[in-house]
There are 2 protein chains.
Amino acid sequence: MVEKVLPKGEYTYDYERPALTVDLVIYTVKDNDLKILLIKRNSEPFKDMWAIPGGFVQNGETLEQAANRELFEETGVRDIYLEQLYTFGEPGRDPRGWVVTVAYIALISSDNLKLFASTDAQDVSWFSVYQKPTLAFDHEKILDYSLKRLRAKLDYTPVAFQLLPKKFTLTELQRIYEIILNKTLDKRNFRKKMLSLDIIKQTEEMKRDGNHRPARIYTFSERKFPVNYLS
Amino acid sequence: MVEKVLPKGEYTYDYERPALTVDLVIYTVKDNDLKILLIKRNSEPFKDMWAIPGGFVQNGETLEQAANRELFEETGVRDIYLEQLYTFGEPGRDPRGWVVTVAYIALISSDNLKLFASTDAQDVSWFSVYQKPTLAFDHEKILDYSLKRLRAKLDYTPVAFQLLPKKFTLTELQRIYEIILNKTLDKRNFRKKMLSLDIIKQTEEMKRDGNHRPARIYTFSERKFPVNYLS
DNA sequence: ATAATAGTGTCTGTGAGACAGTATTCT
DNA sequence: AGAATACTGTCTCACAGACACTATTAT
């Protein structure tokens, strides 16, 4: 604890400084489930426990660049949806010292996921948010918070599209909502709502799977969605 | 810029560390206007420019404690509404070096404001958000962002009550909304809405000012407001 | 024909927003 | 009586949510 008292409002540089990290809650929808990327720790503290990926912010980069860099290192994916969540700085959140972390949410679409293969030695894996190990540090708290935010944002921003390929059917879109909200939605009301929002565009293509009627394919067009106040 | 590359996922302590500050956008409603507290800088950089109050986070305290401490130092007020806004870490945002800041929004009610008198030598003053000097550092950006958030939150959380004394009339409450949103509201619709929300309680008291009908006094009771997902 | 999924329309209730006149107090 | 502010009710429209049947394809 620093005891020194400075004149009010005056900046100086001889205060003790925290280590600054970014941590990422990386979501995807896969196998009909909402999943997050976790990494198994191979050193103390919390050795052998799972944690969300993260790393130090370097001087000269923005926080967002640091988050993107970590994201790329862990997943091999670039240019995906990334949003600052919250900054956690509780003393004692890292037993080794003063570490403040800026947490981000990242969303990877299922087709980008195919690029993800180059995982090296480290133990990295996707877990269902509904069935996952207990996390290291304060990562449970970060995850809880991120999930609340993700669900809330579903209502008033087009984040769900970040989890789908460019082309998708309305049923696929509905599944994304259902999986994240963890409840079933009425098909007629859902379609009515989505079509009224004017953010998706019909294509002439149809998707045909099995022995049933083919589904029309749509594209995300992002026109008048109630705009997030963050933008 | 640190060049060293570490094994993925491994924490260490020999990275360069940023200075960490908290900055506060402190709002109040006063003289029929939305005001923020600004401090005139008395040293370089940005000497003689106005800035939002802030200061270093100390090891051993939470970010919120740091924000509360700064708040108390600047205003003499404790235990008021405080909310983390966003963390700003653009390289170059402070010309003297690497300084990351966690920005907070604070709301002071007009009656708490009366306690505020002990401002020492420093040049501290309330400015209308609609008529204020250009701010130092990236504080314009922080202010813009905070105002968007404050306005958005008015719609779905009872933050407005934080700016009023415990007892208030419906007209006073409406004025808070009008001043923050910078537009007039329909009196009948406003009252209908507020009363339907079940978050204010009628008292038996009346407020009588001038030569006109007295106004009923209400109290904030916080029952079923659409709950913020942050809570 | 059957199985499987895609696709569609109506009704009801609720809330938002537009809109104007009466009530009470003081001087 | 007049000035000033408090207080109130109705109508319309849009949206949310409940709800069930038809359409198309492959086998």
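For clarity, every value in this text was computed on a predicted model and none was experimentally measured. Numbered from 1 within each chain, the chains take letters A, B, ... in sequence-line order.
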message: Rounding to an integer number of Å, can you tell me how far A:D209 CG sits from D:dT24 C1'?
response: 13 Å
message: Is the phosphate of C:dC26 approached by B:R213 (side-chain N or O, under 4.0 Å from OP1 or OP2)?
response: no
message: Is A:R216 close enough to C:dA6 that one of its side-chain N or O atoms is under 4.0 Å from OP1 or OP2 there?
response: no
message: Does this structure show an ion pair linking B:E205 with B:K167, if we count only N-O contacts that are shorter than 4.0 Å?
response: yes
Spacing between A:D186 atom CG and D:dA16 atom P, to the nearest angstrom: 13 Å
query: In whole Å, what is the span from the CZ atom of A:R208 to the P atom of C:dT5?
result: 16 Å
message: Using a 4.0 Å heavy-atom cut-off, does B:T171 contact any base of the nucleic acid, only the sugar-phosphate backbone, or nothing at all?
response: sugar-phosphate
message: Distance check needed: C:dA16 P versus B:N189 CG, whole Å only.
response: 9 Å
query: Any donor-acceptor pair under 3.5 Å between the side chain of A:K192 and the base of C:dT10?
result: yes
field: Verdict with reasoning, A:Y27 to A:S146, per side-chain hydrogen bond (donor to acceptor under 3.5 Å, both in side chains)
entry: CA-CA 10 Å; A:Y27 286 101; A:S146 74; 2.6 Å; yes
- request: Going by the side chain to side chain contact (heavy atoms under 4.5 Å, CB included) test, name the single residue among B:I26, B:V22, B:T21, B:D23 that passes it with B:E70.
  value: B:V22
field: Spacing of B:K193 atom NZ relative to C:dG17 atom P, expressed in whole Å
entry: 8 Å
query: For B:F190 and C:dA18, what is the distance between atoms CZ and P respectively, to the nearest whole Å?
result: 15 Å
message: Both A:A215 and A:N211 contact DNA chain C. Taking the nearest nucleotide for each, which residue is further toward the 5' end?
response: A:N211
task: Mind calculating the distance between NZ (A:K187) and P (C:dG9) to the nearest angstrom?
output: 14 Å
query: Under the 3.5 angstrom rule, does the side chain of A:D138 hit a backbone N or O of A:K141 as a donor-acceptor pair?
result: no
field: Distance, rounded to the nearest Å, where B:K207 contributes NZ and D:dC7 contributes C1'
entry: 16 Å
